[in-house]
Amino acid sequence: MHVIVVGAGISGLSTAWALTRRGVDVTLLEQGPIPNPLSASGDQHRIIRRAYGGKGGYQRRISAAYAAWDSMWSDLGTSHLIDTGFLILSQQPGDEGEEYRDGLVSSGYTPEMMSGAEAAARYPFLDGDSLRFAAYHPEGGVLLCQKIAAGLRDWLRDKGADVREQTRVTAVDAAAGAVTLSSGERLVADHVVIAAGAWVLKLLPELATSLTTYRTAVVYLEPPADLKPHWEAAPVVLDIGGPVDGYILPPVAGTGLKFGAGYHKRAAAPDEDRTAAVGEGEVVRDLFSPPIARIGEYRPTDVVTCAYTFTRDEHFFMQPGARLSVVSACSGHGYKFGAVVGQKVAEGLLDGDLEATRIWLEARD
């Protein structure tokens with residue numbers, strides 16, 4: 001069996017990995033370098049965590065995600081997961097912090113609860129007066145995206161996969177299981193998997209009825225000198241509570257202190273407006289006060305723009321086909337499931353049941 005995978009973000013790389021380890025002949029095509037800094041999974045790090053708020057189907061799939069990452073670490077010979085634990089904050093009744101806490105408890109996981117004052121005493125970068133509560137759970141951490149992408153790229157080549165960087169696909173032929181490259185070359189396989197992230201609509205514009213592309217940005221910050229050691233020892237902040245859907249990744253394993261907010265996004269094509277605007281770092285930073293204390297003392301060092309696809313209900317998207325399938329670990333919460341997404345797509349292809357893969361990825365049960 002020969003499978004072409006279009007896109008070497010985490011979904012494409014993991015699909016290529018899972019297929020290759022089961023003996024499938026894989027061609028992986030990426031329009032840029034691997035890792036590609038413009039891809040949704042090309043940034044320094046992403047969060048993995050046990051909590052999943054109101055999306056119970058995904059919370060029930062987290063154990064499978066961890067198991068898949070463990071399988072990948074075994075193949076790569078090293079782990080690119082830094083276990084930090086995670087912190088949930090709540091500022092207002094019914095905010096996402098409360099939803100995450102309640103989702104954990106309803107699934108049988110007991111977080112350590114703290115008052116605002118207790119949280120600020122443990123984590124001095126917090127403004128305890130702005131918090132209703134904080135909740136800590138040890139099962140969560142940071143996935144090192146760039147190291148994962150580079151490791152998978154090298155593993156795939158070592159195992160004989162045809163990995164092509166700087167190779168742009170300009171057209172797809174679903175009926176024939178074929179793709180056309182910008183060079184004019186046409187490649188045909190038994191099956192084509194499109195995992196092109198926000199660029200999928202350039203190849204299959206008809207999917208615009210299901211997918212919307214958004215542009216967002218995250219800011220890397222230099223904290224005040226006296227708070228730097230506290231951030232270096234901090235857990236992931238899964239949600240800051242309140243209205244902005246803010247999250248924070250601590251500076252671990254050579255990464256930076258990253259602030260991002262779901263509130264800071266707008267509909268845009270993936271190649272549109274990818275240079276950060278003047279002052280955009282400060283705009284994102286300032287969304288975090290409260291509950292981050294002394295926010296004006298944090299100096300932006302870099303702003304990274306990202307392009308994501310979202311579905312209306314923020315579940316994953318998959319469209320199975322006889323010779324061509326589309327998979328998108330989308331809606332801004334896909335990276336943590338990257339390894340298991342690849343496993344499920346490979347299983348569906350080899351077992352002839354991609355519909356079961358779609359149902360698993362959408363996680364509505």
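Because the structure is a prediction, the values reported are computed rather than measured.
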Co-members of Ile359 in a cluster of I, L, V, M, F, W and Y side chains, linked at under 4.5 Å: none
Results of side-chain contact (heavy atoms from CB on, under 4.5 Å) for Thr357 - residues two or more places apart only: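 For Thr357, the residues satisfying side-chain contact (heavy atoms from CB on, under 4.5 Å) (neighbours in sequence not counted) are Met318, Lys344, Val345, Leu354, Leu361.
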Ser41: side-chain contact (heavy atoms from CB on, under 4.5 Å) partners, not counting sequence neighbours: Ile10, Ser39, Tyr335
Results of ring-ring contact (aromatic ring centres under 6.0 Å, His included) for Phe288 - residues two or more places apart only: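 Result, ring-ring contact (aromatic ring centres under 6.0 Å, His included) vs Phe288: Phe259.
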Contacts of His80 that satisfy ring-ring contact (aromatic ring centres under 6.0 Å, His included) - sequence neighbours left out: Trp73
Aromatic ring pairing Phe316/Phe337, orientation class (parallel under 30°, perpendicular over 60°, tilted between): perpendicular
Of all residues at least two apart in sequence or in a different chain, which pass the side chain to side chain donor-acceptor pair (under 3.5 Å) check with [X]?
X	result
Arg294	Asp226, Glu297
Asp154	none
Trp231	Tyr298

Partners passing salt bridge (Lys or Arg N to Asp or Glu O under 4.0 Å) against Glu232 (at least two apart in sequence or in another chain): none
Scan the side chains in residues 133-148 for donor-acceptor partners under 3.5 Å anywhere in the protein, sequence neighbours excluded, and list what turns up.
unit_1: His137; atom_1: ND1; unit_2: Glu139; atom_2: N; d: 3.1
unit_1: Glu139; atom_1: OE1; unit_2: Arg50; atom_2: NE; d: 3.2
unit_1: Glu139; atom_1: OE1; unit_2: Arg50; atom_2: NH2; d: 3.3
unit_1: Glu139; atom_1: OE2; unit_2: Arg50; atom_2: NH2; d: 2.6
unit_1: Gln146; atom_1: NE2; unit_2: Gly42; atom_2: O; d: 3.2

For residues 235-243, which side-chain donor-acceptor pairs fall under 3.5 Å, sequence neighbours excluded?
unit_1: Asp239; atom_1: OD1; unit_2: Gly241; atom_2: N; d: 2.7

Ring pair (Phe, Tyr, Trp, His ring centres under 6.0 Å) partners of residues 18-47, not counting sequence neighbours, each pair once: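 Matches after skipping sequence neighbours: none remain.
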